[in-house]
Amino acid sequence: MPAIGWYNGTMGPLSEMTVPMNDRAVYFGDGCYEACLATGLRVFALEAHLDRFERSLKALSIPFRMDRESLVRTLTDCLAAADEPCAALYWQVSRATAQRMHAFPAGEAKPNLLIMVTPKTRSASGTPMKLITAEDVRYAMCDVKTLNLIPNVLANERAKECGADEAVFVRNGFVTEGSHTNVHILKDGVLCTHPTDRYILPGVTRAILLGLCKGCSIPVSEQAFAKDALFSADEVLITSSTLGVRRAETIDGIAVGGRDEARYQRILQAYERRFSEEMRV
Ligand code: PDD
């Protein structure tokens, strides 16, 4: 099946779907979103994504009234229509459709729901990644999953131009996260990761990773680490809903990690087990 699009009740092939010019997502990016991985009708860690989505709506004061059950039913309808063994499921809500002005539109302007289902090949979880570092020029609302992703887009494009897969943001000498991933290191048996403050997205996969580490008796330190620590780390790990858990093999063209194979494999296998159990694949 082709990729599926859904907008305010209308479903169709994604390439044929359109949105009104006055949707505030178009000119302000005034909305929030979630991106998940689905196999058939199952969505990995769906409840955690829905929880974060509700937090984003609240942070942006978007009065989206559809209840959780109806949203899940609509997402499932889109997955059923796409009929893909493995798919990326994306949804976003924008504040309203209204003539452009910065303040919220007055009166009864209703939020817009947009859903996309696109076929996805789940790459082998052990596939290593090439990273670059990039200055983190983003604002102090990185914890909210808004549509405003220009620094992320530019950084990821630069990674691509460098022949790499992902850009790692560095703010004041400390690693925050990737352009669309969270970044962690294993050092001396401890998993170190940036705390969930205003400067990173609280990744669903990050939270799963921390839980798995506890289950594997790997201590976790939620403290920011310096850029240099990436290069002296035993392993550099990358997480996201679409990528799962990966490790880095180079950063800025320099070989990194590969020094704690045993813990990396334990974490990876624990993640794969968790994924297979929940998704029954
Ligand atoms: N990105 N940090 C940023 C800036 C992200 O955009 C993402 C996810 C993550 C990882 O979060 P999670 O584990 O919940 O996927 C961290 C998604 C995949 C995207 O924008 O497509």
Side-chain angles (χ1 to χ4, degrees), residues 3 14 25 29 31-38 43-56 59 86-93 114-123 125 129 131-160 165-171 174-184 191 193-213 222 224 236-248 267-268 271-272 274-275 278-279:
L14 182 57
C32 53
Y33 77 103
E34 283 297 324
C36 314
L37 198 65
V43 182
F44 187 57
L46 179 59
E47 291 302 317
H49 283 280
L50 291 166
D51 288 346
R52 185 173 63 191
F53 184 58
E54 284 172 7
R55 289 199 302 274
S56 298
C86 186
L89 170 66
Y90 173 100
W91 76 91
Q92 74 175 43
V93 164
L114 176 153
I115 304 169
M116 299 189 281
V117 181
T118 48
K120 174 101 192 144
T121 314
R122 210 179 155 234
S123 36
S125 56
M129 293 177 67
L131 311 178
I132 62 162
T133 53
E135 191 191 343
D136 196 342
V137 293
R138 300 174 303 161
Y139 57 4
M141 266 180 71
C142 302
D143 54 327
V144 185
K145 204 160 171 63
T146 76
L147 304 176
N148 305 117
L149 294 170
I150 280 298
N152 310 55
V153 166
L154 296 178
N156 197 263
E157 171 60 20
R158 200 162 69 71
K160 189 175 132 200
D165 310 295
E166 173 62 315
V168 176
F169 286 128
V170 178
R171 190 188 286 265
F174 287 89
V175 172
T176 50
E177 62 178 338
S179 76
H180 66 313
T181 58
N182 290 113
V183 178
H184 330 268
L191 185 105
T193 193
H194 196 284
T196 48
D197 59 13
R198 301 182 291 171
Y199 298 112
I200 70 159
L201 183 79
V204 167
T205 325
R206 175 190 179 281
I208 292 172
L209 173 73
L210 299 198
L212 295 174
C213 282
E222 291 187 75
V236 178
L237 302 184
I238 313 299
T239 57
S240 85
S241 300
T242 42
L243 294 169
V245 178
R246 303 286 197 86
R247 76 168 152 189
I267 291 171
L268 191 62
Y271 179 80
E272 286 302 310
R274 163 85 197 266
F275 188 88
E278 189 174 322
M279 305 301 272

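Whatever order the structure lists them in is the order used to number ligands and atoms, beginning at 1. Being a predicted model, the structure only gives us computed values, none of them experimental.
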Quiz prompt | Sequence-distant partners of Tyr271, side-chain hydrogen bond (donor to acceptor under 3.5 Å, both in side chains), two or more places apart | solution =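 side-chain hydrogen bond (donor to acceptor under 3.5 Å, both in side chains) list for Tyr271, sorted by chain: empty.
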Close N or O approach ([X], ligand 1; < 3.5 Å):
| X | value |
| --- | --- |
| Glu177 | yes |
| Val204 | yes |
| Thr242 | no |

Looking at [atom], what's its closest protein heavy atom, distance included?
| atom | result |
| --- | --- |
| atom 7 (C) of ligand 1 | His180 O, 3.3 Å |
| atom 17 (C) of ligand 1 | Lys145 NZ, 3.6 Å |
| atom 12 (P) of ligand 1 | Ser241 OG, 3.4 Å |
| atom 21 (O) of ligand 1 | Ala35 CB, 3.7 Å |
| atom 11 (O) of ligand 1 | Gly203 CA, 3.5 Å |
| atom 10 (C) of ligand 1 | Asn182 OD1, 3.6 Å |
| atom 13 (O) of ligand 1 | Thr205 OG1, 2.6 Å |

Quiz item: Does any donor atom in the side chain of His180 or Ser240 lie under 3.5 Å from an acceptor atom in the other side chain?
Solution: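 Per modelled atom types, His180 and Ser240 side chains form no pair under 3.5 Å.
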Quiz prompt | Main-chain N/O of Leu149 paired to Arg138 side chain as donor or acceptor, under 3.5 Å | solution = no
Quiz item: Is any NZ, NE, NH1 or NH2 atom of the basic residue among Glu272 and Arg122 found under 4.0 Å from an Asp or Glu carboxylate oxygen of the other?
Solution: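 Here Glu272 pairs with Arg122 in a salt bridge, since their nearest N and O are under 4.0 Å apart.
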Going by the order shown, which atoms of ligand 1 are within less than 4.0 Å of some heavy atom of [X]?
| X | answer |
| --- | --- |
| Thr181 | 2 (N), 3 (C), 5 (C), 7 (C), 9 (C), 16 (C) |
| Asn152 | 4 (C) |
| Ser179 | 4 (C) |
| Tyr33 | 6 (O), 19 (C), 20 (O) |

Practice problem: Could you note down all residue pairs passing side chain to side chain donor-acceptor pair (under 3.5 Å) where residues 196-208 supplies at least one of them, sequence neighbours left out? | Solution: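 Listed once each, the pairs are Arg206-Glu222.
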Quiz item: Is there a heavy atom in Glu34 that sits closer than 4.0 Å to ligand 1?
Solution: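 Under 4.0 Å: no for Glu34.
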